[in-house]
Each structure stands twice: as structure tokens, then as C-alpha cells.
Trainee: 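Would you mind keeping the following structure in view while I ask a few things?
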Amino acid sequence: MKHTIKNHKKQNYKKHLIFFTLWGVFGVVLLCDFVQYFASKKQNHSNFVLDREAQLLIDKPLKEPIFFDVPNSAKSAHASAIVNIQSLQLADKDNAILTNMLLYFAGSREGASDVCIYQSFFSPPKPYAKSSDKSRAKHLRENQQKNPQKDFAKNKGWSEPRAILCPQDLSKMAGKFIKKLGNPVSFIDAKGRVHLFVVGVSMGGWATSKIYWAIFDRELSSLSFVRELHLSPILNLSHLVRNPAMILDNGGFVLPIYNEFAQKYPLLLEINSDYEVLSTQKPFYKDLPRNQLQPSFIPLDFDKSFGVSRRYGADNSMKASLCEREKSGKNSCKTLSTNLQNFDSSSVLFRLGDSVFLLHNRAKNTESKNANNREELWLYKLQDFDMSQADLEKHLGGGEVIFEPIMRLDELEGKEVSYPSVAVNSEFVHISYTYGREHIRTLLLPKSYKPKSHKKEVQ
């Protein structure tokens with residue numbers, strides 16, 4: 001009897017020991033998250049950088065859009081990010097100027113453990129690129145084909161992609177197990193530093209993601225790990241990134257991110273030039289619509305920004321947000337209605353001069369729940385809007401925000417042309433996007449190009 005009681009006490013002791021040990025570990029994790037979260041909060045004030053266009057050295061102007069298919073040996077490719085790197089003055093082994101960098105993830109399928117982040121570089125086709133070798137340039141021009149647009153796409157373009165970051169690489173950098181990667185985002189800050197943000201998952205699906213941050217070296221050939229972003233005092237889970245930051249004049253930036261757990265809402269994350277998190281704020285503020293993902297924001301003025309986001313769920317009405325930065329660094333935001341619907345697809349805003357444009361998937365069939373609404377990628381323009389207007393809020397806040405259809409950029413029946421990204425310079429708009437999940441396609445669109453009107457075709 002005594003022996004039985006002793007065994008029972010030992011079993012209870014072991015159970016209590018295990019119970020309190022687990023709670024102790026959990027408590028330590030929570031405490032670390034709290035400390036890292038609140039320790040990262042700083043404050044200062046800065047302004048948006050409005051014009052980062054660079055010169056693309058092309059001798060012979062293009063009159064039509066040109067498509068480039070980026071080589072891909074993997075079964076699947078998705079979520080590209082294109083960056084204008086002209087200001088870095090880089091060249092390839094043939095001394096050809098590199099004007100754009102492309103990042104995307106590829107592997108056997110989205111979410112697989114073999115998915116890595118790939119990198120490719122764009123160089124203007126040789127018959128059109130300026131060269132110090134005048135005789136060679138002349139020879140190329142004299143021997144170009146009768147169809148110069150076709151010749152443009154053949155002679156030069158995107159380099160063979162290489163894997164620059166895989167799950168095992170990020171695991172070593174971060175000091176923790178990471179099983180899958182996604183959504184690379186890259187941009188250049190006001191000090192010329194090239195940032196890379198990527199989504200990483202250690203367990204579960206995308207809803208348990210965290211955002212990891214690294215910096216490219218001067219040649220864009222290697223990465224230096226900065227840190228995992230600590231954005232929540234509780235477990236720091238379910239934060240993702242998709243679109244590039246708004247650049248600040250002090251070397252900092254405002255990065256649009258989103259939380260994919262439960263309500264699904266966008267956030268604006270401000271980071272200063274010393275890599276310190278200043279604030280994390282919801283841009284849709286008081287009247288926050290739920291199920292908003294993958295926000296895209298652009299600066300309208302030195303202290304004002306404008307954004308849209310992807311809709312998820314039954315309500316497909318696309319919302320916009322107009323925000324104004326206060327001296328404290330916080331944003332005062334207002335949610336606006338638009339004339340567009342968003343059927344769970346990533347939309348991207350960009351500026352050309354004083355005009356605002358939108359890359360957006362137009363849905364062919366809005367009645368069927370099973371319809372593929374990423375078959376067509378369109379270019380829209382914010383209607384009757386001029387950034388030089390004195391009262392931006394009066395124009396955008398006076399009613400529904402109207403986006404006017406400009407042109408269909410691409411279509412792929414039964415598949416998708418989706419997840420666009422854009423890089424702008426003085427002559428071109430260079431757009432990258434997923435093409436059927438098989439590879440990444442890019443479109444070089446001359447600013448001088450004038451497409452036919454599609455107002456009647458799109459309602």
C-alpha cells in the first residue's frame with residue numbers, strides 16, 4: 001500500500017514538473033517577445049521621397065511594349081519583385097549596363113521545402129544600349145533584323161536566374177529552423193542600400209509566417225542578415241510582406257505589411273535609417289474593413305500617402321486609404337470606396353509624374369464563385385487626379401475613387417497573369433508578373449506609348 005502511494009506521488013511530481021516546465025518555457029518566449037517588441041519602438045519625423053526615377057540608357061526609342069520571359073528551370077515560379085538598379089552603376093561580365101534586378105520564388109510548388117528565392121538581372125538589348133565601343137554598336141545596328149521589336153527581345157534581356165536564398169540559408173542566418181520561403185520584396189533606400197524582405201515559415205502555413213530582413217552587398221551578389229522583425233508581443237506570428245516600401249528622406253522607409261491571422265488587416269511599418277522600428281499602424285484606421293491583404297502604398301506628397309489592398313472573402317469591393325503623416329510620425333488615415341472589385345488578387349500602385357496608376361487583375365466572370373479572376377492583367381489610371389493639386393484630401397475624399405481602364409497588359413485563359421511588380425525610370429515602365437505559375441514574364445512599356453481606349457470594353 002505504502003509502495004503504491006509513493007509511486008503515485010512520484011507520478012504526480014513528474015506531471016507537475018513537466019507542466020510547470022512547459023509553462024515556464026512558454027512564459028520565457030512571451031517575455032522575450034514583449035521585450036523585443038517594445039524595445040524596438042522609437043519615434044522621429046521625416047518626409048517621403050517623391051521622385052526616384054533614373055535614366056535608362058537606350059539609343060533608339062521603342063514604340064511598342066516588349067515582353068520578356070525570364071528563364072525558369074523549376075516547375076513553378078511566383079511573386080516577383082522588380083527593382084530599378086540604374087543608380088548603382090553595375091555591369092555584367094560583358095560590360096553591359098544592368099538596369100533592373102528581379103527576385104521571385106521558385107520550386108516544385110508554392111510552400112514546398114525546395115522553394116528558393118531567385119535573382120536575375122536585366123540589361124538593355126545590345127542594338128539599343130549605349131556602348132563605348134562605337135564600331136561594335138554600329139555593327140549591331142546595321143545587322144539588326146527588319147523587325148527591331150523582335151530583335152530587341154532576342155539580343156539581351158534577363159540573365160540566367162540563380163538561387164540566392166533557400167530555407168536552409170535563412171535558417172543559418174536567423175538561428176532557427178525555417179521550412180519554407182515566399183514573397184521577396186526589395187527596394188533601394190535614400191542612402192543607396194538595397195534591402196530584401198522575405199516571408200519565412202517554421203511551422204504550419206502562411207498564417208504562421210514571420211518577416212525576415214537582409215541587406216545586399218554593393219554588387220548585389222550576397223546578403224547580410226539584419227534580423228527577424230518583431231511586430232507582436234505575443235509569439236510574433238502571422239506577418240507577411242508583398243509590396244515595396246515608401247522611401248523617406250532620412251534613410252528610413254515605410255513598409256506596407258499585413259497580418260493574415262483571423263481578421264486579416266494591413267499595417268504600415270516605419271523603420272528609421274538605423275534599422276529601428278518606429279511604429280506599426282493600421283492604415284484603414286477607424287472604419288477598418290476586414291479581410292484586407294497585401295497593401296500597396298505610394299507617396300502623394302511629402303507627408304501624404306495613398307494605398308489599396310487585396311480583398312479576401314465574400315466582400316469583393318476594393319477599398320483605398322488616404323493617410324497623412326503627423327509630426328509624431330503617426331498616420332491619420334481615411335478609408336475610401338473605389339469603383340473596382342478585387343477577387344483575391346494582388347494589386348499594385350505606382351506613380352508617373354503627377355499621375356497615379358494601378359496594376360490590377362480584371363475579373364472576367366464575377367458571377368461564378370469558382371471563376372479564375374486572374375486571367376487578365378490591366379493598367380488603370382486614377383481618374384481626374386493631379387498630384388499638383390493643393391487639396392489632395394478634398395479630391396480623393398469627396399466620394400468614390402475612380403480608376404479608369406487604360407489597357408490590357410496580358411491575358412492567359414484558364415491560368416493566371418498575376419502578382420505584378422513595377423519599376424519606373426525616365427523612359428520606361430518595367431512590369432514583372434507571374435505567368436501561369438510556370439515562369440515570370442516582364443513587360444517593357446515605353447512611357448510614350450499611347451494605347452487604344454478601353455472605356456467601353458471595361459465596365
Side-chain angles (χ1 to χ4, degrees), residues 49-70 80-92 94-102 120-132 134 137-138 140-141 144-145 147-159 186-188 192 194 220 244 247 298-299 348-359 377-382 386-388 406-410 420-433 440-452:
V49 174
L50 298 181
D51 188 3
R52 293 188 56 78
E53 294 188 2
Q55 184 79 13
L56 181 62
L57 301 178
I58 298 288
D59 265 350
K60 190 167 183 174
L62 292 176
K63 296 181 180 180
E64 298 290 333
I66 302 296
F67 293 90
F68 295 86
D69 288 322
V70 182
S80 62
I82 189 169
V83 186
N84 186 342
I85 60 170
Q86 182 80 30
S87 61
L88 303 181
Q89 299 181 341
L90 299 177
D92 65 11
D94 298 320
N95 206 30
I97 296 171
L98 300 177
T99 60
N100 292 97
M101 177 177 70
L102 184 75
S120 180
F121 293 99
F122 182 82
S123 180
K126 292 175 183 177
Y128 293 80
K130 288 187 176 179
S131 171
S132 58
K134 293 183 180 180
K138 182 180 179 181
L140 286 167
R141 289 188 180 90
Q144 63 182 303
Q145 298 176 4
N147 184 348
Q149 306 298 323
K150 185 177 180 181
D151 188 55
F152 189 109
K154 275 189 172 183
N155 279 281
K156 202 72 176 180
W158 291 103
S159 64
S186 186
F187 54 88
I188 304 176
V194 185
L220 305 181
I247 308 303
I298 57 169
V348 175
L349 290 165
F350 68 96
R351 285 183 47 193
L352 284 182
D354 288 332
S355 299
V356 174
F357 292 85
L358 175 73
L359 299 172
L377 183 62
W378 281 73
L379 174 66
Y380 288 81
K381 182 181 179 181
L382 186 59
D386 187 332
M387 239 176 283
S388 63
I406 301 299
M407 66 178 292
R408 183 196 293 112
L409 298 175
D410 207 346
S421 178
V422 62
V424 179
N425 57 57
S426 60
E427 298 173 61
F428 296 94
V429 177
H430 206 160
I431 301 167
S432 69
Y433 52 94
I440 303 300
R441 171 171 284 188
T442 71
L443 169 60
L444 201 59
L445 184 65
K447 286 185 178 179
S448 58
Y449 179 66
K450 295 181 179 180
K452 297 178 181 179

Trainee: Could you report the tightest heavy-atom contact between S80 and S432, atom names first, then the distance?
Mentor: OG-OG, 2.8 Å
Trainee: Using side-chain heavy atoms (C-beta onward) and a distance below 4.5 Å, is V70 in contact with L102?
Mentor: yes
Trainee: For L98 versus S123, what's the shortest heavy-atom pair and its separation?
Mentor: CD2-CB, 4.2 Å
Trainee: Is any side-chain heavy atom of I440 closer than 4.5 Å to one of Y433?
Mentor: no
Trainee: Mind checking whether L220 and L90 have side chains closer than 4.5 Å, heavy atoms only?
Mentor: yes
Trainee: Please find out if less than 6.0 Å separates the ring center of F68 from that of W158.
Mentor: no
Trainee: With a 4.5 Å heavy-atom cut-off, do H430 and T442 have their side chains touching?
Mentor: yes
Trainee: For M101, run the side chain to side chain contact (heavy atoms under 4.5 Å, CB included) check against V194, N84, I82 and tell me which one passes.
Mentor: V194
Trainee: Taking all non-hydrogen atoms of both residues, which atom of S186 and which atom of V83 are closest, and how far apart?
Mentor: O-CG2, 3.5 Å
Trainee: Does D94 reach the main-chain N or O of A96 with its side chain, forming a donor-acceptor pair under 3.5 Å?
Mentor: no
Trainee: Do V424 and L352 have side chains that approach each other closer than 4.5 Å (heavy atoms only, starting at C-beta)?
Mentor: yes
Trainee: How long is the span from the CZ atom in R441 to the CG atom in L409, to the nearest 0.5 Å?
Mentor: 11.5 Å
Trainee: Is F121 close to N100 at the side-chain level, that is, under 4.5 Å between some pair of heavy atoms?
Mentor: no
Trainee: Should F350 and L379 count as side-chain neighbours, where that means a heavy-atom distance under 4.5 Å?
Mentor: yes
Trainee: Are any non-hydrogen side-chain atoms of L377 and P420 less than 4.5 angstrom apart?
Mentor: yes
